[in-house]
Amino acid sequence: MPQHKSWEITGPDVAAELLSWINVTPEDCQLLGSLYERAKERSMTFAQDFAGRILAAEQTAEYIAPYPLDVLAKTLANWFIELFSGTYDLTYAEARIRIGQVHVRLGLPVRYPIAMFDLVTRHGEQVAAAGGQTAVEAFRKILSLDIAVFSQAYEENQLTHLANVMGNERLARMLLMKEL
């Protein structure tokens, strides 16, 4: 079985790889950073829409029931604002991975957070539209980065668990690829 170079990239290093791979430019960063205040203005509306969808369905509401709603709303608003920080570095990547790890610890199936990105896209593109089409495209790049880095936490959790069961990561990957 081949050892793919992509397998060697884990954790926050995924963000550095993806920033280059999706071609996030310094101009993209600057443009998104210039929309930070607009994102701040919209952040609570976003957070309310996001929390509202979670609470509207029993299968997702049960995951946040033990937590104060105002804390969740503040966390969601801050996350949204950070999409327009203009700084997408190791600290940013580590924060996104921690978000994914929290979801993993809660046992939340990955389909729910991924499906929520339609709300993030809608609200984010409305903020980005103030900067024109170039800003909307830059926002889409950063959102793609977030989705990928966030998903990395789920992947690494799965691989770690399988590697512990199988004895090593290479065997775990073979199992996932149905080569065992």
Side-chain angles (χ1 to χ4, degrees), residues 5-6 9-57 60 63-64 67 69-104 108-156:
K5 292 193 180 298
S6 63
I9 304 166
T10 60
D13 293 338
V14 168
E17 175 206 26
L18 291 174
L19 282 168
S20 173
W21 194 69
I22 8 181
N23 193 28
V24 176
T25 66
E27 293 79 17
D28 291 334
C29 297
Q30 183 178 5
L31 188 51
L32 290 174
S34 73
L35 298 168
Y36 182 83
E37 289 303 319
R38 282 188 181 269
K40 240 173 138 173
E41 292 167 8
R42 185 162 190 94
S43 65
M44 285 312 292
T45 301
F46 162 75
Q48 290 166 351
D49 283 355
F50 200 101
R53 182 181 286 175
I54 293 169
L55 292 169
T60 51
Y63 288 96
I64 64 166
Y67 306 101
L69 196 53
D70 60 329
V71 173
L72 174 65
K74 185 178 178 183
T75 300
L76 289 168
N78 287 336
W79 171 58
F80 182 76
I81 294 166
E82 288 173 2
L83 289 166
F84 293 90
S85 68
T87 303
Y88 311 101
D89 56 8
L90 181 64
T91 301
Y92 183 89
E94 288 172 340
R96 288 340 198 232
I97 287 175
R98 279 193 304 278
I99 291 169
Q101 290 168 339
V102 167
H103 287 79
V104 168
L108 182 66
V110 72
R111 67 182 177 269
Y112 297 122
I114 299 261
M116 294 297 278
F117 279 103
D118 75 305
L119 284 176
V120 185
T121 301
R122 182 167 31 98
H123 286 274
E125 286 184 354
Q126 288 174 357
V127 169
Q133 187 59 33
T134 304
V136 171
E137 290 169 12
F139 172 74
R140 289 177 184 154
K141 290 179 189 180
I142 295 306
L143 189 56
S144 293
L145 172 71
D146 262 50
I147 293 167
V149 173
F150 169 86
S151 299
Q152 185 70 20
Y154 277 89
E155 180 181 325
E156 289 182 10

_With a 3.5 Å distance limit and no angle check, can you tell me whether Lys141 reaches the backbone of Asn23 through a side-chain donor-acceptor pair?_
yes

*Interatomic distance, Ser34 atom OG to Leu32 atom CG [nearest 0.5 angstrom]*: 7.5 Å

*Close side-chain approach of Ser144 and Phe117, heavy atoms under 4.5 Å*: no

_From Glu17 atom CD to Gln152 atom CD, the distance as rounded to the nearest 0.5 Å_ = 9.0 Å

*asked:* Assess, by modelled atom type and distance only, whether the side chains of Asp28 and Thr25 contain a donor and an acceptor separated by less than 3.5 Å.
replied: yes

*Which atom names give the shortest non-hydrogen contact between Ala47 and Ala77, and what distance separates them?*
CB-N, 3.9 Å

*asked:* Centre-to-centre under 6.0 Å for His123 and Phe50, is that the case here?
replied: no

*In Å, rounded to the nearest 0.5 Å, how long is the span from CD1 of Ile54 to CG of Asp49?*
11.0 Å

*asked:* Do Leu145 and Val24 have side chains that approach each other closer than 4.5 Å (heavy atoms only, starting at C-beta)?
replied: no

*asked:* Test of understanding: with side-chain contact (heavy atoms from CB on, under 4.5 Å), list the residues that count as partners of Ile114, not counting sequence neighbours.
replied: Val110, Ile147, Ser151

*Looking only at side chains, do Tyr92 and Asp146 share a donor and an acceptor under 3.5 Å apart?*
yes

*For residues 15-34, which residue pairs qualify under ring pair (Phe, Tyr, Trp, His ring centres under 6.0 Å), counting only residues two or more places apart or in two chains?*
none

*Do Leu83 and Val127 have side chains that get closer than 4.5 Å, going by heavy atoms?*
no

*List the steps, then state whether side-chain contact (heavy atoms from CB on, under 4.5 Å) holds for Arg96 with Ile99.*
CA-CA 5 Å; Arg96 288 340 198 232; Ile99 291 169; 4.0 Å; yes

*Rounded distance [0.5 Å steps], CZ in Arg140 versus CD in Glu125*: 4.0 Å

*Beyond-backbone contact of Asp118 with Thr121, side-chain heavy atoms, under 4.5 angstrom*: no

*Taking all atoms of both residues into account, what is the closest heavy-atom pair of Tyr63 and Pro109, and its distance?*
OH-CD, 3.4 Å

*Quick check: are there more than 12 heavy atoms from other residues, nucleotides or ligands sitting under 6.0 Å from CZ of Arg53?*
yes

*Should we count CD of Glu94 as having more than 12 external heavy atoms under 6.0 Å?*
yes

*How far apart are the closest heavy atoms of Ile81 and Ala39, and which atoms are they?*
CG1-O, 4.1 Å

*Exercise: identify the closest heavy-atom pair between Leu69 and Ala51*: CD1-CB, 4.2 Å

*Heavy-atom closest contact (Tyr88 atom, Cys29 atom, distance)*: CD1-SG, 3.6 Å

*Is there side-chain contact between Ile64 and Thr60, with at least one heavy-atom pair below 4.5 Å?*
no

_Rounded distance [0.5 Å steps], NZ in Lys40 versus CG in Asn78_ = 9.5 Å

*Taking atom CG of Leu35 and atom CD of Glu41, what is their separation to the nearest 0.5 Å?*
10.5 Å

*Mind telling me whether Phe80 and Phe46 have parallel, tilted or perpendicular rings, with 30° and 60° as the class edges?*
parallel

*Min side-chain heavy-atom separation Phe84-Glu37 under 4.5 Å*: no

